[in-house]
Amino acid sequence: MSKTKIIKINPKNPQINKIRQAALIIKNGGTVAFPTETVYGLGANALNAKAVKKIFKAKKRPADNPLIVHINKYDDLRILTDKIPPLTKKITRKYWPGPLTILVKKSKNVPDPTTGGQKTVAVRMPSNKIARLLIKESGVPVAAPSANLFGKPSPTSAKHVIDDLYGRVDAIVDGGTTDIGLESTVLDITKKVPILLRPGKITKENLRGIIKIKLDQSLTGKRTKISKPRSPGMKYKHYTPNARVILLKNSIKNVDQRISELVQIYQNKKKRVGIVTTQKNKKYKSNLTLFLGKDPKKIAKNLFSVFRKFDSQKIDILLIQEIADNDLGFAIMNRLNKAAYQVITK
Ligand code: AMP
Ligand code: MG
């Protein structure tokens with residue numbers, strides 16, 4: 001594939017002829033990147049194994065990493081599963097359409113590549129207007145993982161998608177920047193007590209307001225010691241900029257001094273050092289300091305695009321301070337922990 005069509009669509013008032021142009025590509029078994037309220041997704045017909053395989057190829061994503069299937073109306077859930085768990089209505093009534101993905105047992109209609117060989121399928125109904133219309137006009141459930149190259153930060157604008165996937169997909173819908181900036185919350189509701197697999201905008205506190213949930217083991221691990229650099233070949237390294245991320249815990253006594261020291265150490269080694277800050281007007285002697293925003297909503301929205309800015313400036317080492325991990329902060333810290341090459345606690 002060499003030529004990728006760029007289709008610009010007004011996010012507030014999507015032009016239906018353009019939506020149909022993109023939908024036709026999906027109907028015909030092609031790949032289309034499009035905005036959702038979380039991040040940009042790379043979509044294909046979820047029921048067509050050949051189409052779904054194109055997603056994995058374009059992203060260079062390992063075949064056992066399952067995709068999220070996007071639907072336009074609740075009843076389409078019945079295409080994907082024969083067994084809707086009892087709690088489903090309670091949860092979806094409150095959070096669909098929106099940034100919440102549920103895992104259900106997959107039906108025969110769902111081909112193995114879509115679920116990475118799993119017996120469960122991940123499903124969500126997005127709220128973004130372009131996404132909804134595109135799925136509706138495609139007439140099929142649309143499998144769509146984040147529209148980035150595997151291992152890169154998720155894309156929050158069409159430009160990010162173009163940077164990663166131009167020439168590798170059939171079309172990219174440009175519908176502006178995404179609202180939330182972090183991937184959806186993933187909840188396994190096939191269990192008696194649902195399990196939170198990935199935190200997102202819909203927080204554990206939100207979910208606990210309506211149902212009982214447990215956190216997946218991967219979300220409860222506490223790292224206390226100074227960690228060794230993690231092996232580069234970790235299977236599902238995620239959300240990472242090219243720079244090595246060093247996460248500084250709030251347990252550090254004089255964090256500004258520690259940051260200055262680290263900048264010195266790495267600059268002496270001829271490394272370009274970047275700093276991510278949540279305090280406006282804070283001055284550091286780094287090669288590049290970028291302000292993320294102060295409140296968690298802004299931080300979530302800007303995080304991945306800030307990662308990409310550091311990459312474009314060839315930053316080698318990126319220093320980031322921990323933020324409070326309640327509510328949306330829990331999702332942000334989950335991404336930062338995954339991105340971190342090293343965690344410093346004192
Ligand atoms: P992405 O949209 O790129 O963030 O990728 C979708 C993510 O959803 C995967 O990496 C998993 O974390 C999760 N997911 C999707 N389907 C399943 C499944 N059947 N079992 C467990 N996790 C899933
Ligand atoms: Mg992804």
Side-chain angles (χ1 to χ4, degrees), residues 31-44 46 52 54-71 77 80-81 83 85 98-107 109-126 128 131 135 141-156 160-161 164-165 169 178 180-191 194-202 213-219 234-241 300 303-304 307-308 331-332 334-335 337-339:
T31 49
V32 177
F34 61 94
T36 80
E37 68 275 25
T38 58
V39 300
Y40 270 72
L42 177 59
V52 164
K54 292 181 187 169
I55 295 179
F56 286 92
K57 188 162 178 221
K59 281 180 57 83
K60 302 186 182 171
R61 181 177 176 110
D64 64 349
N65 199 355
L67 310 179
I68 293 173
V69 179
H70 295 68
I71 57 174
L77 194 51
L80 304 169
T81 185
K83 214 175 146 192
L100 178 69
T101 297
I102 56 169
L103 287 194
V104 294
K105 286 228 159 57
K106 85 172 189 75
S107 73
N109 300 326
V110 184
D112 283 339
T114 301
T115 66
Q118 307 260 8
K119 299 232 169 340
T120 49
V121 58
V123 189
R124 144 171 135 82
M125 188 195 291
N128 177 288
I135 302 162
V142 175
S146 52
N148 52 301
L149 281 172
F150 179 69
K152 291 250 175 164
S154 294
T156 56
H160 299 160
V161 183
D164 278 16
L165 298 180
V169 299
T178 59
I180 297 169
L182 292 184
E183 306 85 349
S184 61
T185 305
V186 179
L187 187 68
D188 181 355
I189 59 167
T190 63
K191 304 276 161 26
I195 299 175
L196 182 66
L197 298 181
R198 179 171 76 183
K201 169 81 189 301
I202 310 294
I213 61 159
K214 281 192 208 156
L215 303 188
D216 185 69
Q217 266 185 346
S218 63
L219 302 176
M234 262 183 62
K235 200 169 179 189
Y236 294 132
K237 203 174 88 153
H238 247 97
Y239 320 114
T240 47
L303 183 66
F304 292 142
F307 274 179
R308 283 176 181 261
I332 296 166
N334 168 259
R335 306 313 191 265
N337 274 310
K338 288 207 175 199

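Residues take their numbers from the sequence shown, with the count starting at 1. Values in this document were obtained by computation on a predicted structure and should not be read as measured data. Note that ligands are numbered from 1 as they come in the structure, with each ligand's atoms numbered from 1 the same way.
The closest heavy-atom contact to atom 20 (N) of ligand 1, among the options Leu103, Val121, Val186, comes from Leu103.
Between Leu182 and Val39, the shortest heavy-atom distance links the atoms C-CG1, 4.0 Å. Between Ile189 and Pro194, the shortest heavy-atom contact is CG2-CB, 4.1 Å. Of all heavy-atom pairs between Pro126 and Ala131, the closest is CG-CB, 4.0 Å.
Taking every non-hydrogen atom of Ile68 and a distance limit under 4.0 Å, the qualifying atoms of ligand 1 come out as 2 (O), 6 (C), 8 (O). Within the listing of ligand 1, atoms 18 (C), 19 (N), 20 (N) sit less than 4.0 angstrom from a heavy atom of Thr120. Taking every non-hydrogen atom of Asn65 and a distance limit under 4.0 Å, the qualifying atoms of ligand 1 come out as 9 (C), 10 (O). Near Leu67, meaning under 4.0 Å from any of its heavy atoms, are these atoms of ligand 1: 15 (C), 16 (N). Of all the atoms in ligand 1, the ones that sit under 4.0 Å from a non-hydrogen atom of Arg198 are 1 (P), 4 (O), 7 (C). Set against the non-hydrogen atoms of Ser146, the atoms of ligand 1 under 4.0 Å away are 1 (P), 2 (O), 3 (O).
A search for side-chain hydrogen bond (donor to acceptor under 3.5 Å, both in side chains) contacts involving Asn128 returns nothing, not counting sequence neighbours.
In this model, no donor atom of one side chain and acceptor atom of the other lie less than 3.5 Å apart for Thr38 and Glu183. Checked by atom type, the side-chain pair Arg124/Thr36 shows a donor-acceptor distance below 3.5 Å.
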List the atom pairs, with distances to 0.1 Å, where a side-chain N or O of residues 116-123 and a protein N or O form a donor-acceptor pair under 3.5 Å, not counting sequence neighbours.
none

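In summary, no N, O or S atom of Ser154 is located under 2.8 Å from the Mg ion (ligand 2).
Here Arg61 has side-chain heavy atoms under 4.0 Å from ligand 1, and that is the only part of it that gets that close. Of the heavy atoms in Asp188, none comes closer than 4.0 Å to ligand 1.
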